[in-house]
**Q** 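There's a structure below that I have some questions on.
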Amino acid sequence: MNFTVGQIAELVGGQVVGDAGLAIQGLCRIEEGAPALLSFLHSDKYFHHLYTTQATAVLVPQTFQPEKPAHPTLIKVQNPYFAFNILLQQVWQESLASPEHEQPSFIHPSARLGKDVYVGAFAYIGKDAVVGDGARIYPNSYVGPGTRIGAETILYAGVTVYHGCEVGARCILHSGVVIGSDGFGFLQTPGGESIKIPQVGNVVLEDDVEIGAGTCIDRATLGSTVIRRGVKLDNLIQVAHNTEIGSHTVIAAQAGISGSSKIGSYCMIGGQTGMVGHIHIADRTQVGAKSGLSKHITEPGMAYRGAPAHPLREQLKMEAALRQLPELLQRVNQLELLLSRLQVDNS
Amino acid sequence: MNFTVGQIAELVGGQVVGDAGLAIQGLCRIEEGAPALLSFLHSDKYFHHLYTTQATAVLVPQTFQPEKPAHPTLIKVQNPYFAFNILLQQVWQESLASPEHEQPSFIHPSARLGKDVYVGAFAYIGKDAVVGDGARIYPNSYVGPGTRIGAETILYAGVTVYHGCEVGARCILHSGVVIGSDGFGFLQTPGGESIKIPQVGNVVLEDDVEIGAGTCIDRATLGSTVIRRGVKLDNLIQVAHNTEIGSHTVIAAQAGISGSSKIGSYCMIGGQTGMVGHIHIADRTQVGAKSGLSKHITEPGMAYRGAPAHPLREQLKMEAALRQLPELLQRVNQLELLLSRLQVDNS
Amino acid sequence: MNFTVGQIAELVGGQVVGDAGLAIQGLCRIEEGAPALLSFLHSDKYFHHLYTTQATAVLVPQTFQPEKPAHPTLIKVQNPYFAFNILLQQVWQESLASPEHEQPSFIHPSARLGKDVYVGAFAYIGKDAVVGDGARIYPNSYVGPGTRIGAETILYAGVTVYHGCEVGARCILHSGVVIGSDGFGFLQTPGGESIKIPQVGNVVLEDDVEIGAGTCIDRATLGSTVIRRGVKLDNLIQVAHNTEIGSHTVIAAQAGISGSSKIGSYCMIGGQTGMVGHIHIADRTQVGAKSGLSKHITEPGMAYRGAPAHPLREQLKMEAALRQLPELLQRVNQLELLLSRLQVDNS
């Protein structure tokens, strides 16, 4: 980034207190301030950093008044956190590849590419695939035959989207993501061998979905595995065939969602959580890390934890009780002893 | 797919009841029937869908008699489930890449390729590698020097098989699979630093093995990590060096198998299960999801669950008891109180 | 490998007892000895294999005296384990790609490559990237714009290092590794939707780091995610943004490290362990497999296990007590019964 303090104030709708002409070349945390960098102050407990930071400029709340002279130029804004996020967005945009077709790449003659598309070297766009305006297909990525990639969607290096899948607009797929691999479905012979059930459905990602590095989403046996609008998945998550993840649900790293599960909207699922197949999770459910869900959750907005998972309050009681269990054993030993003496006394 | 009902009946060995000339272009679940699609009915509880589905044709059991007039043409077969699977197979085959060499690809002059092989763009076939007849090496896949890929095996886009490994016939490796990465072996210096133990063995996959997206199988230190015939591994599984997985064993997503473990044949291992190194698991063992195995299992055909894992029945008792633990604490408090009163009374 | 016994003795600083002219073409475990192979004997319990092995030569301790005539030529060394590791190193070196630039590859004109670099086919070296002397960038790997790869570092096939990251010297990154993907950071709107916090920091790997297949390390929001010198990460590990892993720490497969955590030096973290964000783990902490850490660990050198994790001794007591819990329930039932009888007697 290469702005003056004044240009930045304009970008975020703020007022400059100090020298608006200073140059800003990057962003930093307040503790790591350095010349030509801009930071932000959001909460009271960080305000004291203002008087020692080497940052050139700092976003502060509208109402903020320094207690003593401070070196940085201030930019007063309504919400420094949101304003800083606009600047992060700016820096991030600058890091993205420009629309061009690097060589060699493979674009099937029947594929249709929108305008301003980036196709990196060694990217593969298959037969009848469609790539929307402004999309970015980084090097070594694969867009299978008949697959559709929405406008302004990013496939970072080494993403694979199998044939016949649909990715919405403004999605971000990180490196190593696999979309549309076969669901894990087999018929067992009487002898215990597995006969493949071919998986001929697909995967549909709606708009504004972000998928973390190494996450795998299997295609449906028939029909679609569906990831609804605004869902955010972290790294190394497993999403099995024929599942549906409701809009704006957020799932942390290394969680595993088994086949034909249906997760509601606005849920938050902790890392390394597992879920058996064919269960429904109500909207706005919160699940703690490392949980194991094996039953439907029908009431929306509840918190669960544990493996097997219980309502959070119940689980916390169990965990607390468990810590007392070794002592409890001693106490019961003691009770038995006392009682046997009493019985002797009474006999 | 593009068949008449009559052609399909022939394919699955069934009898048409209705119009054999109707066109079928795809398959569907009975609940999602639509014109030109074919579905199947397998169990009583779905039979009622027959009278409302829009599907053009439905596979039904030989003995099935509709209770009232139904719109779809019927195809009577011995086992609708298996017959439907033959049709899924047909659709799936149509989705596979045709044998051709897309450009650019890298085929080392010393590599030997069978006939009817698909080599996708940006696929790499290393020095002295061998690829069997009818194999498919999709774009961005890597077959290392000296590696052998069996006939009719599929490496989907972005699969890596390191040097010197062996993959059998009719295997399916999904995108992101890594075969032959170094086992995690180090010598510790007295100071606690790690010196790499170079891993110079390999990985052997026998015939008919399927490996899910993102699963990693490390090469042996010496000798081979071996995945026996018919094994099916789901996505994002870790298989460490020098392990052996017995024939027809099935392992669900995100399980982790530590080094030098030996898993028997026909086992079923649940998702997110972990296993310490150097243990043996008997044939036909069933392990529940999220379990942690740290000991040998010597008796075949037993079920285990939990972390640490216990025999299933024992584990279920423990889990049930655990739910009663907070209440048990209260009860013991009460017992102690009552007993102290009794003692006072008795004293 | 292709050496005489005498050449090998020289390589490892040992003395030959037997025929120094015999040819050695490979290495093996003593149980799997075969002609032209060399093995080693390290501990007493394996010594009996010497008299039956078909290996041509065996490394033995300086002080070792065979109890009876043995077929293999012996090479006496101070530490057979370390000596054998030198030979493994030799075989491994032979398996590495030679310095050459395979075609086609993509090297941006502004990128700077050291001497003796291997660039595999379909490897991508971005704008302003720097690759050190003797580094190896295998096929289908991606070195993003502005990224630096240290001398003698190996990126195996299909590794992705995003823009602006730094990888030290002598690092090994296995296939499927992703370095520099976006941290999982979002602002929640009042309505529960997620607004991306762009991640504009980077990842820094210091020297001598090894990263297992499929492991993902996210870039920092601001600043750096840092992996210190000598760290070894196994396969399929998740390392979130802004974490720091201390020097020489070893982490087993499928562990997950949440954002802004700080792990000390010389720690050993078991497989499938999870860690919440923003916690500090002291140096030399040992964490058992499948643990869940949610609190700071401030005392160095302690062992922890369980989810939630407790000090190892405490955890073992809890696990032992838990196995007695179903019986404890019976005992408390019995106590209540006896006590109620006593009370009746006493009333």
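Nothing here was measured: the structure is a model prediction, and the numbers come from that model.
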**Q** Tell me, side chain or backbone of B:Ile237 under 4.5 Å from chain A's heavy atoms, or both, or neither?
**A**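 The answer is neither part of B:Ile237.
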**Q** Under 4.5 Å heavy-atom distance to chain B, tell me which part of A:Ser141 shows up: side chain, backbone, both or neither.
**A** backbone
**Q** Go through the atoms of A:Ser175 and report whether side chain, backbone, both or neither lie under 4.5 Å from a heavy atom of chain B.
**A** neither
**Q** Which atoms of B:Gln89 are under 4.5 Å from chain A, going by heavy atoms: the side chain, the backbone, both sets, or neither?
**A**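 Interface part for B:Gln89: both.
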**Q** Do you know which two heavy atoms are closest between B:Leu233 and A:Phe184, and how far apart they sit?
**A**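 Scanning both residues completely, I find the closest heavy atoms to be C-CE1, 3.4 Å.
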**Q** Under the side-chain contact (heavy atoms from CB on, under 4.5 Å) criterion, do B:Arg29 and A:Asn242 qualify, and how do the steps go?
**A** CA-CA 12 Å; B:Arg29 282 185 289 195; A:Asn242 291 92; 3.6 Å; yes
**Q** Quick one: closest heavy-atom pair of B:Tyr81 and A:Ile197, and the distance?
**A**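 Shortest heavy-atom contact: OH-CD1, 4.2 Å.
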**Q** Which atoms of B:Asp234 come close to chain A, meaning under 4.5 Å heavy atom to heavy atom: side chain ones, backbone ones, both, or neither?
**A** both
**Q** Select, from A:Gly223, A:Pro308, A:Gly176, the one with the greatest count of heavy-atom pairs under 4.5 Å involving chain B.
**A**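 So the answer, after comparing A:Gly223, A:Pro308, A:Gly176, is A:Pro308.
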**Q** Answer with side chain, backbone, both or neither: which region of A:Ala220 has an atom nearer than 4.5 Å to a non-hydrogen atom of chain B?
**A** neither
**Q** Could you tell me which portion of B:Gln90 (side chain, backbone, both or neither) has an atom closer than 4.5 angstrom to a non-hydrogen atom of chain A?
**A** neither
**Q** Side chain, backbone, both or neither: which part of B:Glu319 has a non-hydrogen atom closer than 4.5 Å to chain A?
**A** side chain
**Q** Find out whether A:Leu222 and B:Leu88 are in side-chain contact, i.e. whether some heavy atom of one side chain is under 4.5 Å from a heavy atom of the other.
**A** yes
**Q** What option among A:Leu338, A:Val177, A:Thr221 has the most heavy-atom pairs under 4.5 Å with chain B?
**A** A:Leu338
**Q** Taking all heavy atoms of A:Lys290 and all of B:Lys290, pick out the closest pair and write down the distance.
**A** O-CE, 3.8 Å
**Q** Measure distances from B:Arg284 to the heavy atoms of chain A and classify the residue's part below 4.5 Å as side chain, backbone, both or neither.
**A**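 Answer is neither: B:Arg284 stays 4.5 Å or more from chain A.
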**Q** How long is the gap from CG on B:Leu335 to CD on A:Gln334, to the nearest 0.5 Å?
**A**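 Going from the CG atom of B:Leu335 to the CD atom of A:Gln334 covers 13.0 Å.
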**Q** Could you tell me the separation between the CD atom of B:Gln324 and the CE atom of A:Met318, rounded to the nearest 0.5 Å?
**A**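 Answer rounded to 0.5 Å: 11.0 Å.
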**Q** Report which part of B:Ile172 has an atom under 4.5 Å of a heavy atom belonging to chain A: side chain, backbone, both, or neither.
**A**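 The side chain, not the backbone.
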**Q** Under a 4.5 Å heavy-atom cut-off, does chain B meet the side chain of A:Leu187, its backbone, both or neither?
**A** side chain
**Q** Which one wins on heavy-atom pair count under 4.5 Å against chain B: A:Lys317, A:Lys127, A:Gln272?
**A**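 Highest number of pairs under 4.5 Å: A:Gln272.
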**Q** Does A:Gln188, at its CD atom, have more than 12 non-hydrogen atoms belonging to other residues, nucleotides or ligands within less than 6.0 Å?
**A**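 Yes, the 6.0 Å shell around CD holds more than 12 heavy atoms from other groups.
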**Q** Checking heavy atoms, do the side chain of A:Ser194, its backbone, both or neither come under 4.5 Å from chain B?
**A** both
**Q** Quick one: closest heavy-atom pair of A:Gly191 and B:Tyr266, and the distance?
**A** O-CE2, 3.2 Å
**Q** Side chain from CB out, backbone as N, CA, C, O: work out which of these in A:Leu325 comes under 4.5 Å of a heavy atom of chain B, or both, or neither.
**A**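 For A:Leu325, the side chain is the part near chain B, not the backbone.
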**Q** Under a 4.5 Å heavy-atom cut-off, does chain A meet the side chain of B:Pro326, its backbone, both or neither?
**A**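 Both backbone and side chain.
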**Q** On a heavy-atom basis, which atom in A:Ala321 and which in B:Leu329 lie closest, and how many Å separate them?
**A**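 Result for this residue pair: CB-CD1, 3.5 Å.
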**Q** Taking the side chain as every heavy atom from C-beta outward, state whether A:Phe106 and B:Asn140 have any atom pair closer than 4.5 Å.
**A** no
**Q** Please examine the side chains of A:Arg331 and B:Asn333, heavy atoms only from C-beta on, and report whether any two atoms are closer than 4.5 Å.
**A**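 B:Asn333 reaches A:Arg331 side chain to side chain.
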**Q** Under 4.5 Å heavy-atom distance to chain B, tell me which part of A:Ala123 shows up: side chain, backbone, both or neither.
**A**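 Only the backbone of A:Ala123 comes within 4.5 Å of chain B.
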**Q** Just how far is it from atom CH2 of B:Trp92 to atom CG of A:Asp182, taken to the nearest 0.5 Å?
**A**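 With rounding to 0.5 Å, CH2 (B:Trp92) is 7.0 Å from CG (A:Asp182).
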**Q** For B:Leu236, which atoms come within 4.5 Å of any heavy atom of chain A: side chain, backbone, both, or neither?
**A** side chain
**Q** Verify, without hydrogens or angle tests, whether A:Glu193 (side chain) and B:His248 (backbone) share a donor-acceptor contact under 3.5 angstrom.
**A**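 Checked: no pair found.
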**Q** Do B:Tyr156 and A:Tyr162 have ring centres separated by under 6.0 Å?
**A**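 Between B:Tyr156 and A:Tyr162, the centre distance is under 6.0 Å.
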**Q** Specify which of B:Arg323, B:Arg229, B:Glu94 makes the most heavy-atom pairs with chain A at under 4.5 Å.
**A**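 Of the options given, most contacts go to B:Arg323.
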**Q** Select one option (side chain, backbone, both, neither) describing which atoms of A:Ser291 are under 4.5 Å from chain B's heavy atoms.
**A** backbone
**Q** Can you give me the closest heavy-atom contact between A:Ser181 and B:His174, atom names plus distance?
**A**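 Closest approach of A:Ser181 to B:His174: CB-ND1, 3.8 Å.
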**Q** B:Ala289 versus chain A, heavy atoms under 4.5 Å apart: side chain, backbone, both or neither?
**A**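 Contact with chain A is absent: no heavy atom of B:Ala289 under 4.5 Å.
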**Q** Within this structure, what is the NZ-NZ distance for the pair B:Lys232 and A:Lys196, rounded to the nearest 0.5 Å?
**A** 8.0 Å
**Q** For A:Pro145, is it the side chain, the backbone, both, or neither that has a heavy atom closer than 4.5 Å to a heavy atom of chain B?
**A**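 Contact with chain B: none, neither part.
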